[in-house]
Amino acid sequence: MLASKRTRIILVVSCVTIFFSITFFAYWFCKRKRKESSKEKKLDESERHSDLPFFDLRTLITATDNFSATKKLGQGGFGSVYKGQLVNGQEIAVKRLSKHSGQGMEEFKNEVTLIAKLQHRNLVRLLGCCIHKEEKMLIYEYLPNKSLDYFIFDASRRSHLDWTKRFEIVIGIARGILYLHQDSRLKIIHRDLKASNVLLDSAMNPKISDFGMARMFGEDQIQENTKRVVGTYGYMSPEYAMQGLYSTKSDVFSFGVLLLEIITGRKNTGYINGSPFPNLIGHIWELWKGGTVLDIVDPILCQPFSAQEEISKCIHIGLLCVQEGATHRPTMSAVISMLANDTTLPPPNTPAFIFNQKTSHNADASTSRSGEAVSLNSVTITTLEAR
Ligand SMILES: *[C@@H]1O[C@H](CO)[C@@H](O)[C@H](O)[C@H]1NC(C)=O
Ligand SMILES: *[C@@H]1O[C@H](CO)[C@@H](O)[C@H](O)[C@H]1NC(C)=O
Ligand SMILES: *[C@@H]1O[C@H](CO)[C@@H](O)[C@H](O)[C@H]1NC(C)=O
């Protein structure tokens, strides 16, 4: 009797203990959960914040001396670029977009958010944007050594870039394009690769600029301003120039032109009337067929004899990139593999050097071909003859 009473007491005490323990643990668990989720939320917020790097208009006015003419770095189809310096000393480049870009604000914000996420050592870094009434601006890192055209097309400045450096630049550009084409979250076709869109940092590393512009400014608004050049004469693949069709292979074409320009120090379009060759590609092709292609290489590059084999290989790769048929051109990843490895390269087919006419084409491509090609509706491509 006594024993069973003690047992009952022990039982009750145990039950109470267990009950309190469970309650306590449940309470502790819930509290921890809540704390965690609030931490997550906080992280979410800061992440969202960093996704939308907005600059105040006043900050940019201060940075650029109110967009003074002395700070102007250049003017492109999409607007003017100014050099600026933030209060913390950081140098920036501000691209002030022309007022009537035809793009909605929400769309613009979304694009900036996406493009700000693209990060690659061979792409110019977009730091953010500024939206104020009609004004739209893009803020980029500032690069001190201008652009590739400033060096390779100038007889004395060219000498700063020996073959080793030029080869590094070629590889860097190729990696940047590959990232745009397939490694980034977005698939971006640049559409305006050219020497002046390759900027150089303080160590002369190449950084592709304007890679977001192709995306931001849709196909449809090009028509209203025929002076606006989408793609640049001399770098445009034939299918883009003639039919408005673009794909990753049109960027490969432009890369090929750029590669040949880097090796020769000549502009594809720098050929005067009366020259036996329509352009650089045509000239190289003639020499290639005759087995004397090294004659056109920038003389500065031929100094160490050992470089010549690599230079020949690069010309070969360049010719593969500018082949007339888009499907024959290699992908960017194949290009990088060819540049980096010693492989047997297929012989190039006839390149495209057909479009040295001074015409504007009214392309009216309605259907998109192959998975990749995108069609432009009634895009007016104005080709510039004198560039
Ligand atoms: C900046 O320049 C514009 C005209 O270009 C002028 O209207 C504006 O008041 C100036 N802003 C400042 C802060 O100086
Ligand atoms: C590139 O820029 C750096 C830093 O501004 C400068 O020291 C260097 O001389 C420049 N290189 C060339 C080749 O101009
Ligand atoms: C070089 O070729 C090998 C074999 O084909 C390949 O695995 C490697 O990725 C290539 N290197 C580059 C940089 O593409």
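Both counts, for ligands and for their atoms, begin at 1 and track the order of listing.
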Cluster link L114 to I139, ILVMFWY, side chain under 4.5 Å: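 In one cluster: no.
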
Atom 5 (O) of ligand 1 protein-contacted (non-hydrogen atom, under 4.0 angstrom):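 No, no protein heavy atom sits under 4.0 Å from atom 5 (O) of ligand 1.
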
Would a 4.0 Å cut-off, counted as strictly less than, catch a protein heavy atom around atom 9 (O) of ligand 1?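 False for atom 9 (O) of ligand 1.
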
For the [atom1] atom on [X], are there more than 12 heavy atoms of other groups (residues, nucleotides or ligands in this structure) within a distance under 6.0 Å?
X    : atom1 : answer
R157 : CZ    : yes
K165 : NZ    : yes
N66  : CG    : yes

State plainly whether the residues K249 and E239 are in salt-bridge range, i.e. N to O under 4.0 Å.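 Not counted as a salt bridge, because no side-chain N and carboxylate O are separated by less than 4.0 Å.
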
Are D149 and K194 within salt-bridge range, i.e. N to O under 4.0 Å?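 Between K194 and D149 there is no salt bridge, as every charged N stays at least 4.0 Å from the carboxylate O atoms.
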
Number the atoms of ligand 2 from 1 as they appear, then name those within less than 4.0 Å of a heavy atom of S202, with their elements.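 In order of number, 1 (C), 2 (O), 3 (C), 4 (C).
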
Under 4.0 Å from any heavy atom of P144, which atoms of ligand 2 are there?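 Counting from 1, the qualifying ligand atoms are 5 (O).
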
Report the nearest protein non-hydrogen atom to [atom]: residue, atom name, distance rounded to 0.1 Å.
atom                    : answer
atom 14 (O) of ligand 2 : N145 OD1, 3.6 Å
atom 13 (C) of ligand 1 : I61 CG2, 4.0 Å
atom 3 (C) of ligand 1  : N66 ND2, 3.7 Å

